[in-house]
Amino acid sequence: MLIFELSSPGRRSHLQAPSCAPEPTDIPAAYLRVKKPVFPEVSELQVVRHYTTLSRKNFSIDTQFYPLGSCTMKYNPRGVHQLASLEGFLQHHPLTPVSHSQGYLQSAYELQTILAEVTGLSSVSLTPMAGAQGEFAGVAMIRAYHLSRGDTARQEFLVPDAAHGTNPATAVMCGFKIKEIPTDKSGDVDLEALRVAVGPHTAGIMLTNPSTLGVFERQIREIAKIVHAAGGLLYYDGANLNAILGKCRPGDMGFDVMHINLHKTFATPHGGGGPGSGPVAANDRLKPFLPIPTVGFDGKHYRWLNEKDCPQSIGRLSAFMGNAGIILRANIYARLLGGEGLCRVAEYATLNANYLMARLKQAGFTLAFPDRRASHEFIITFKKEAKTFGVTAKDIAKRLLDFGVHAPTTYFPLLVPECFLIEPTETESKQELDNFVDILITILKEAEVSPEIVKQAPHRLPVRRLDDLKAARELDLKWRE
Amino acid sequence: MPFIPHTEDDVQAMLDTIGVQHINVLFDEIPENLRIHDLNVIESGLNEMTIARDMKARALKDGGLACFVGAGAYEHHIPAAVWQITSRGEFLTAYTPYQAEASQGTLQLLYEYQTMMANLMGLDVSNASLYDGASALAEAVLMATRANTGAKEPRILIAGNLHPHYRKTVETLVRPQGIVLETLAYDEKTGSIVRERLPTIQHQDVVALIINQPNFFGGLEDVDALTDWAHEHQALVIGVVNPIAMALLKEPGSWGKSGADIACGEGQPLGIPLASGGPYFGFLCTKMEYVRQMPGRLIGRTVDQEGNIGFSLTLQAREQHIRRAKATSNICTNQGLAVTAATIYMSLLGASGLADVAKASHANAKALCDGLKAVPGIRLRFNAPFFHEFVIECPCAADVLVQALLKQGILAGLDLSILSPELSRCLLVCVTETKTKADIEVYVDAVKQALLNISSATTV
Amino acid sequence: MHTVPQELSYTTTHEWVRIENDIATVGITEHAQSLLGDLVFVDLPTVKKGLAVGDDAAVVESVKAAADVYSPINGEVIEVNTALSDAPELINQDPYGAGWLFKIKIVGELPLTLLSAQDYQSMLDEEL
């Protein structure tokens, strides 16, 4: 039932808005709206009941194990949410003079400092509103750097074939051509191919480390040397930062600029697809190009740094200063954990991933990279099962939902056929992981004995498999009476 | 350990299964010269109680002002039910609805949002949100450039009375594409874009015209005339609008003879708190013919294999995870939670409630404007009808007034000297439905008193 | 096994070409459409557009994938299959007939990169 279908003409929740507001007399009639928009006409109870009911049709971290690879679906502490929602923060207008913004500014400044320490890079701007915008900022900074030196020949960006789809999309948004770099059999970047690819046209390379294949790129220093020697710079996609907190730092690996997904590593809620936040960190070479505004501190007061302070900045990315509420949450989370707690994040995320990987291997599942350590995530492939039983990774993913577990990331990275990318995160217990293994074993047995159960899954959710073809061919994007 | 459930026995059993002695061995693929061994430069962890005290003190420093600033972020009353429901863990802690069967709550809500937002704008289709109003405009510019294939060069006309931060955001995000932004001067007297002063252009010279309703000064534009002018020159029309205002003012789909082609803007007024500037959400609506050029996620209604109605992400082939380098945008995450709040907000208010908020805001702004015009030395800067924001010119630097009212707990408005020297005595003031008659009187009295103090100071 | 009509030429990127005098008709092979699955949208080039071998000429889109169609020939687009805008499924149903994409007026020599039906078939066999 849609909210519109609960509607009755003339019903409304009077208490929500001032009633009896006068009709405007000083606006020309030609400027006014003639017909009211079609909105639901419902009571407050109907709204509350409708959306509460809808919420219960969702899987979420609060209700289910959610091992979605590359998304770091860890527990989002409630205390953090509550403190970021304090009245004083919520009613604070973004254009309030700094004299009355010191609470927020201090929190943002502290987070800049913490992120610089964690990444091994000198400066941070918190303004990008999501990982993809952080990527844009970083690549645009590299572009601005080359242009500032009059080096206009650098028109190519290198992207490994295993990269997140945002990487090539971002580089194109920044005006670059893409050159794909292949991956070798053990999951590392093919160095020979890289040596051939770099040159005076190379603006830079975008890398994730650990890579999207769930393994640490062991030759990273060599890669940095090759790219830097050719005059290019290195961009680090921070999607997998959770794996290395306190263990190693992108700045030490040779990266010049990176983004951090606060909604992954710093446990801010994903909100059903956002808001995220993608701060960007840079070394001294790229610092002048950071997006504005950033926060400065003179030892006494905090203030915004803008165009005047950073004349070479790539500019603004949002109307105000990014997703401030997420920045507050990340600050609170980082200070709750402290330096020692942040190190534990990588340790236990890695322990969980390697344990789960070992258990699944013992149970007869096929690992994509059996000779490698898992980082905070790893890949299994159902290529064998697809051939033998006709049951695909998608089928198994849907069947997992029946058992009350969110499916891992499927069919990514594209290089591994019929794959699951599994990221348990540090906040899951051993029991939960053991339970997950038991469920997968059960499903594998089903695939062998009665594959139709798996192929037709899910059976126990609010809907069965959806007709995506109909959705795309007969576009229904808006309800009509 | 905070948020980590492992007991010592768990850890031992897990290490035994893996076949290693210690957790640190698991990092042995990281070259030794890259390893660090602690993050002790970052302070030690605090407990929830301690940090709560600290954050409460900070929040206290930032709160408590009576807000008369708008300029792109607006204080409206948010019904209690909005965030009570939005903060449910099932909305708060879910991810992007990739597994449709396990995300029907979020997906259906987004479909309802798309319906309400498209209806509010009078257009065929809305996406499931973008980051904020300014970046939504940048995406609209990129979209128009893809959609208007007939245009001779990627040239965009952009109203000079647009929010300056929007203008700058667009510059940052579209500059690498070689798109040329050309500013249209606003009329000195009205602050609006006047058709008579538009540049002489040939057919198909420009991709699109960007206009805003209301404009940055709060004033209203003759959107019909501007839309028709653009369409006569085969340019698309991008309308940047305040969604609350659209409950009262003519919706983009009805502008001129054939309607704006793209409407976008800041969704924050629809139930999202000011919160230091975010998270908010950007909205973007268009006509059906341009749907494939649209950036961001779209939810479609379909059926499952038994014929039951269900919802799923659709037209995904436009997106980065499939199209990679050829995607319509690099956007993946949007602002789902803010949209959840906005959908609940719009459902609670309904069309007439939203119109009431718009009318009350307008009436309050009018009342304050009238009160201020009666104060000697204050005059209204632009002579044009306005929605809930207007510009006053003071006999002193605007900042002097801002500082004086700040002392009385009033955030008086935005000092426009940041825009241009000729606006150095100008203050952009906003009033919404949240202010009472008494609040407005206090503001006017405070201004009177401040001006008196200034003139007596100068006399002495 | 997918059909590979003998009388057509092919590319390594799974386009087929039918050459009649100086006109080339272009589509995607049965193998290509089966890889993509049910098609939902086709973006065709504009008539009169000049194309060189390897240029992006069209985009075919299924529910979960999108693929570029590259021009196999140098020349100018003279006609596109407008029926596809309402019925992209024609490509699935009849890839070598009603599912054709566009016609090009050939300019210059035919490129040497075109494959015979036999060569294309062996390429497919190798992929499997």
Side-chain angles (χ1 to χ4, degrees), chain A residues 16-18 21 36-39 47 51 54-55 57-62 79 83 86 88 90 92 94 103 129-130 132 165 168-170 174-175 178 216 246 248 269-276 315-316 319-320 323-324 338-339 341 355 358 429-430 461-464 466 470-471 476 478-479, chain B residues 5 10 14 18 29 34 39 42 44-45 48 55 58-59 61-63 79 88-90 92-96 101-102 104-106 115 119-120 131 134 165 168-169 172 176 273 276-279 300-302 304 310 312 314 320-321 324-325 327 330 333-337 347 351 353 356 359-360:
Chain A
Q16 307 304 346
K36 274 186 190 164
V38 177
F39 272 33
V47 172
Y51 289 109
L54 281 191
S55 77
K57 295 183 179 182
N58 272 0
F59 276 34
S60 68
I61 302 173
D62 278 7
L83 293 176
L86 289 169
L90 293 188
H92 182 252
M129 291 176 285
T170 300
C174 290
I178 304 300
F216 193 85
C248 58
H270 284 72
R316 278 191 164 273
F320 300 105
N323 283 338
Y355 172 70
S429 65
K430 178 171 175 293
L461 270 75
V463 290
R464 304 288 305 277
L466 293 160
K470 181 183 158 72
D476 174 356
K478 181 175 112 168
W479 177 82
Chain B
D10 287 340
M14 293 168 86
I18 301 168
E29 288 194 1
L34 288 180
L39 284 174
I42 297 170
S44 210
E48 191 179 281
M55 293 314 287
R58 292 185 194 188
K61 284 189 201 167
D62 289 4
R88 281 180 66 88
E90 299 93 328
L92 188 69
T93 72
Y95 193 46
T96 298
E101 300 86 347
Q104 285 297 300
T106 290
T115 302
N119 288 347
L120 186 58
Y131 305 133
H165 290 178
K168 284 181 179 153
T169 303
T172 309
S276 301
R301 181 162 64 162
T302 182
D304 70 5
S312 69
T314 193
Q320 49 77 25
H321 61 285
R324 301 177 74 85
N330 73 344
T333 297
N334 46 46
Q335 303 282 110
L337 198 70
S347 300
D356 283 343
K359 283 183 238 167

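Below, read A as the first sequence line, B as the second, and so on, with proteins coming before strands; counting in each chain starts at 1.
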Give me the atom names and distance for the closest heavy-atom approach of A/Met129 to B/Tyr131.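 Smallest heavy-atom distance, with atoms named: CE-CB, 3.4 Å.
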Contacting region of B/Thr169 [heavy-atom separation from chain A under 4.5 Å]: both
Any side-chain heavy-atom pair from B/Gln104 and A/Leu466 closer than 4.5 angstrom? yes
Taking the side chain as every heavy atom from C-beta outward, state whether B/Thr115 and A/Phe39 have any pair of such atoms under 4.5 Å apart. no
Measure the CG-CZ distance between A/Asp476 and B/Arg301 for me, rounded to the nearest 0.5 Å.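 A/Asp476 atom CG to B/Arg301 atom CZ measures 4.5 Å (nearest 0.5 Å).
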Taken to the nearest 0.5 Å, the spacing of B/Met14 CE from A/Tyr355 OH works out to 6.0 Å
If we define contacts as heavy-atom pairs under 4.5 Å, which of [options] has the most with chain B?
options	value
A/Lys430, A/His92, A/Lys57	A/His92
A/Ala324, A/Gly338, A/Gly79, A/Gly272	A/Gly272
A/His270, A/Arg316, A/Lys36	A/Arg316
A/Pro275, A/Gly315, A/Ala130	A/Pro275
A/Gly273, A/Cys174, A/Gly88, A/Pro168	A/Gly273
A/Ala319, A/Ser429, A/Ala358, A/Pro462	A/Ala319

Taking every heavy-atom pair that is under 4.5 Å apart, which of [options] has the most such pairs with chain A?
options	value
B/Ala360, B/Ser312, B/Pro279, B/Gly277	B/Pro279
B/Ser276, B/Gly310, B/Gly105, B/Gly63	B/Ser276
B/Ile42, B/Leu337, B/Leu39, B/Thr93	B/Thr93
B/Ala134, B/Ala94, B/Gly336, B/Gly45	B/Ala94
B/Leu92, B/Thr96, B/Thr314	B/Leu92

Partner set under side-chain contact (heavy atoms from CB on, under 4.5 Å) for A/Val38, not counting sequence neighbours: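 With sequence neighbours excluded, A/Val38 shows a side-chain contact (heavy atoms from CB on, under 4.5 Å) to A/Trp479, A/Glu481, B/Asn119, given in chain and number order.
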Main chain of A/Gly103, side chain of B/Asp62: is a donor-acceptor contact present, judged purely on distance under 3.5 Å? yes
Test your reading of the model: is there a side-chain donor-acceptor pair from A/Asn58 to the backbone of B/Thr106, 3.5 Å cut-off? yes
Walk me through it: do A/Tyr51 and B/Ser347 pass the test side-chain contact (heavy atoms from CB on, under 4.5 Å)? CA-CA 10 Å; A/Tyr51 289 109; B/Ser347 300; 3.3 Å; yes
Evaluate the criterion side-chain contact (heavy atoms from CB on, under 4.5 Å) for residue pair B/Glu90 and A/Asp62; output intermediate values, then yes/no. CA-CA 7 Å; B/Glu90 299 93 328; A/Asp62 278 7; over 6 Å; no
Can you sort out the partners of B/Ser44 under side-chain hydrogen bond (donor to acceptor under 3.5 Å, both in side chains), two or more places apart, ordered by chain and number? A/Glu340
Would you tell me whether B/Arg88 and A/Ser55 have side-chain atoms, one donor and one acceptor, within less than 3.5 Å of each other?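 There is such a pair between these side chains.
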For residues A/Ser60 and B/Tyr95, is any side-chain donor paired with an opposing acceptor at under 3.5 Å?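 Distance-only check fails for A/Ser60 and B/Tyr95.
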Could you look at A/Leu90 and say if it's the side chain, the backbone, both or neither that has a heavy atom under 4.5 Å from chain B?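 Both parts, heavy atoms under 4.5 Å.
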Which region of A/Val463, side chain (C-beta onward) or backbone (N, CA, C, O), has a non-hydrogen atom less than 4.5 Å from a non-hydrogen atom of chain B, or is it both or neither?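 Both parts, heavy atoms under 4.5 Å.
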Between B/Asp304 and A/Arg464 (salt bridge meaning N to carboxylate O under 4.0 Å), is one present in this structure?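 Here B/Asp304 does not pair with A/Arg464 in a salt bridge, since their nearest N and O are not under 4.0 Å apart.
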